[in-house]
Amino acid sequence: MPRFIVRFLKDVLGENGHCVEVCQSSLEIEAPDGAAAGERAKHIFCIDCDLTDWSLHADRIDIREADYPS
């Protein structure tokens with residue numbers, strides 16, 4: 001089964017007054033596709049952070065297939 005890296009990202013105001021993208025958490029998930037990996041990661045993120053909704057701590061998620069050399 002494919003593996004995906006799911007990152008939870010939030011935009012915050014940096015010291016210089018510009019918006020900066022910050023990774024709140026990163027999970028490696030095994031799932032049949034990217035959509036399923038995203039849903040699993042959201043569930044795990046909520047449990048780990050004791051949240052009812054992942055978007056309370058992140059603005060968006062980034063899902064990429066894990067690259068492993070053969």
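Please read all numbers here as calculations on a predicted model, not as lab measurements.
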Can you list, pair by pair, the side-chain donor-acceptor contacts under 3.5 Å of residues 51-62, counting residues two or more places apart and other chains?
unit_1	atom_1	unit_2	atom_2	d
D53	OD1	S55	N	3.2
D53	OD1	S55	OG	3.2
D53	OD2	S55	OG	3.0
D59	OD2	D11	N	2.7
R60	NH1	D11	OD2	3.2
R60	NH2	D11	OD1	3.0
R60	NH2	E21	OE2	2.6
D62	OD1	R64	NE	3.4
D62	OD2	R64	NE	2.9

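A pairwise comparison of heavy atoms in A36 and P32 identifies CB-CD, 4.0 Å as the closest pair. R7 and S26 make their closest contact through CG-OG, 3.8 Å (heavy atoms, listed as atom of the first residue, atom of the second, distance). Minimum interatomic distance between F4 and G34 (heavy atoms only, all atoms of both residues): CZ-N, 3.5 Å.
A heavy-atom distance below 4.5 Å is not found between the side chains of D48 and S25. With contacts defined as side-chain heavy-atom distances shorter than 4.5 Å, the pair I63/I5 does not qualify. With a 4.5 Å cut-off on side-chain heavy atoms, P2 and E30 do not count as touching.
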Mind running side-chain contact (heavy atoms from CB on, under 4.5 Å) on V20 and L13 for me, showing each step along the way?
CA-CA 6 Å; V20 178; L13 193 58; over 6 Å; no
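Counting non-hydrogen atoms of other residues, nucleotides and ligands closer than 6.0 Å to CG of N16 gives a total above 12.
Taking the charged nitrogens against the carboxylate oxygens, R3 and E65 have no contact shorter than 4.0 Å, which rules out a salt bridge.
Applying the side-chain hydrogen bond (donor to acceptor under 3.5 Å, both in side chains) test to pairs two or more places apart or on separate chains, those with a residue in residues 31-47 are E39-K42.
Note that SG of C46 is 7.5 Å distant from CZ of F8, once rounded to the nearest 0.5 Å. Atoms SG and NZ, from C23 and K10 in turn, are 13.0 Å apart once rounded to the nearest 0.5 Å.
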